[in-house]
Amino acid sequence: MDLVEYQGKQYFARYGLPVSPGEVADTVAEAEAAAERLGYPVVVKAQVQTGGRGKAGGVKLANSKAEVTEHAGNILGLDIKGHIVRRLWIEKATDIAKEYYASFTLDRSAKLHLAMVSARGGVEIEKVAEEAPEAVARLHVNPLDGLSIEGARDLVERAGLDAEAREGAAEILLKLYQCYIEGDADLVEINPLVLTTDGQVRALDAKVTLDDDAAFRHPEWAGFDNLGVSTERERLAKSKGLSYIALDGTVGIIANGAGLAMSTVDVVSQVGGSAANFLDVGGNADEEGMASALEVINLDPSVRSILVNIFGGIVRCDEVARGIVKALGRVDIGAQIVLRLDGTNAAEAHKIIDDAASEKIINERTMLGAARRAVELADVAGKEGGSKL
Ligand code: GDP
Ligand code: MN
């Protein structure tokens, strides 16, 4: 999981790394209010999971409220390498004397951690490494030994950091190593690590990649999952062999086959609704598969109705129907389910659903009719107030 800058900085702060005060803003008005609280000048920064924001116009200095208004307006909605900016980080500006680079990552071929430090920060480190490999100082760290202050001091000296920055940078390296190890990160990168005009060393940017496999021992990571994509849901879906993609609508969708799932998303929007997700149960439209799919969708608080669209080809509709009825007994589903089953043994399937007489399930015969019904239910549930949860 990649963190965006402000999340990375919040992470850094837990380990005592010096970062500048700042606030998140999702609108121009919020950006203005944040800047007023922080005091000018501030930096308005796009929060997207990609680097090179500065070059793309996603990082701007603002000396007044008018400049915040202008920059925030320009940066929100900006497309940076395919990432649309929906969130800003407004940070108290720093007077920079020098820009450096520091990172820890895993060197898989050496089977050791690798620290890299350069006096040529603020620019793409890949370029520096290519043009002037000697400008990037490296140190392999054996996890059993850890990083010592002597090792860190030697590294920053080899990197050619200015004398007045070295002690501060060495201390930052120790904290960054701690953050990398204890935080179960695959990568922690500070670019630029700056020397301020008043002689302090500070992290002005943060790139953090967390090891998803370590999520079980980091309940605090749940707070990082706030940019629209639920990694928990996606992980659960993946572990159950489902192909699941979160979208931003209100109708949960379950279909068998990627083509049918995509058509279902389309039909929902054709009748004026919006899909909360794409979920393809593939060939697993049995009890287990349906229960898993419903479980995943049930975790999404924005889902207000569920549309199950199954075409029985190899899988028989009566099996699917039995699976759904059983799954309903296992999973406590919040939203109403609109079901459209067609294909092999459809008539038997409809009988099974009707016999079950669950008020949770509405049986529709056509895909269009089912989509209309699901969208209506989502609208009603929305008006009744908030999420189903
Ligand atoms: P990136 O382009 O995505 O890596 O975004 P950064 O956060 O690294 O910002 C890009 C550049 O903006 C930095 O290298 C700095 O030169 C500049 N910058 C960022 N924050 C400040 C600040 O507080 N003051 C000043 N003067 N420049 C800043
Ligand atoms: Mn940067």
Side-chain angles (χ1 to χ4, degrees), residues 2-13 17-25 31 34-64 67-68 70-72 74-105 116-129 135-136 159 161-162 165 168-169 172 176 179 185 187-209 227:
D2 291 330
L3 302 188
V4 293
E5 176 195 4
Y6 82 89
Q7 296 170 326
K9 283 181 169 168
Q10 287 170 351
Y11 207 51
F12 281 179
L17 284 153
V19 290
S20 303
E23 292 183 31
V24 164
E36 293 284 319
R37 281 189 291 266
L38 291 162
Y40 300 97
V42 295
V43 191
V44 181
K45 308 186 79 174
Q47 297 302 293
V48 282
Q49 281 167 335
T50 181
R53 295 165 300 157
K55 254 195 217 159
V59 178
K60 294 280 183 195
L61 200 70
N63 286 298
S64 63
E67 286 183 13
V68 171
E70 183 193 341
H71 296 318
N74 288 338
I75 296 175
L76 280 169
L78 193 69
D79 182 333
I80 301 180
K81 299 182 194 164
H83 298 257
I84 307 295
V85 182
R86 306 216 182 276
R87 177 160 282 186
L88 302 171
W89 174 242
I90 312 298
E91 180 172 286
K92 197 153 175 65
T94 301
D95 281 329
I96 303 174
K98 286 284 175 62
E99 300 196 23
Y100 311 126
Y101 172 95
S103 70
F104 285 94
T105 186
M116 286 192 280
V117 176
S118 176
R120 289 174 54 177
V123 290
E124 275 175 57
I125 197 66
E126 291 82 1
K127 277 214 182 104
V128 178
V136 183
L161 264 55
D162 301 83
I172 285 179
L176 190 61
C179 173
L187 167 75
V188 288
E189 182 185 77
I190 306 177
N191 188 23
L193 173 72
V194 300
L195 173 65
T196 65
T197 47
D198 59 357
Q200 296 175 32
V201 185
R202 186 178 306 164
L204 270 214
D205 193 5
K207 183 160 188 233
V208 175
T209 304
L227 291 177

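As the structure is a prediction and not an experimental result, all values here were calculated from the model. Both ligands and their constituent atoms are indexed starting at 1 by order of listing. Sequential numbering from 1 along the given sequence is applied to the chain's residues.
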Which residue, V43, V44, V24, forms the side chain to side chain contact (heavy atoms under 4.5 Å, CB included) with I90?
-> V44
Checking N191 side chain against V123 main chain: does a donor-acceptor pair fall under 3.5 Å?
-> yes
Name the residues with a heavy atom less than 4.0 Å from ligand 1?
-> V43, K45, G51, G52, R53, G54, V59, A93, T94, I96, E99, G122, N191, P192, L204, D205
Return the name of the atom in D205, of element N, O or S, nearest to the Mn ion (ligand 2).
-> OD2
If you draw a 6.0 Å radius around NZ in K55, do more than 12 non-hydrogen atoms from other residues or ligands fall strictly inside?
-> no
So R202 and T196, side chain to side chain donor-acceptor pair (under 3.5 Å) or not? Walk me through it.
-> CA-CA 8 Å; R202 186 178 306 164; T196 65; 5.5 Å; no
Report yes or no: do D2 and T209 form a side-chain donor-acceptor pair below 3.5 Å?
-> yes
How far apart are the closest heavy atoms of L204 and I190, and which atoms are they?
-> N-CG2, 4.3 Å
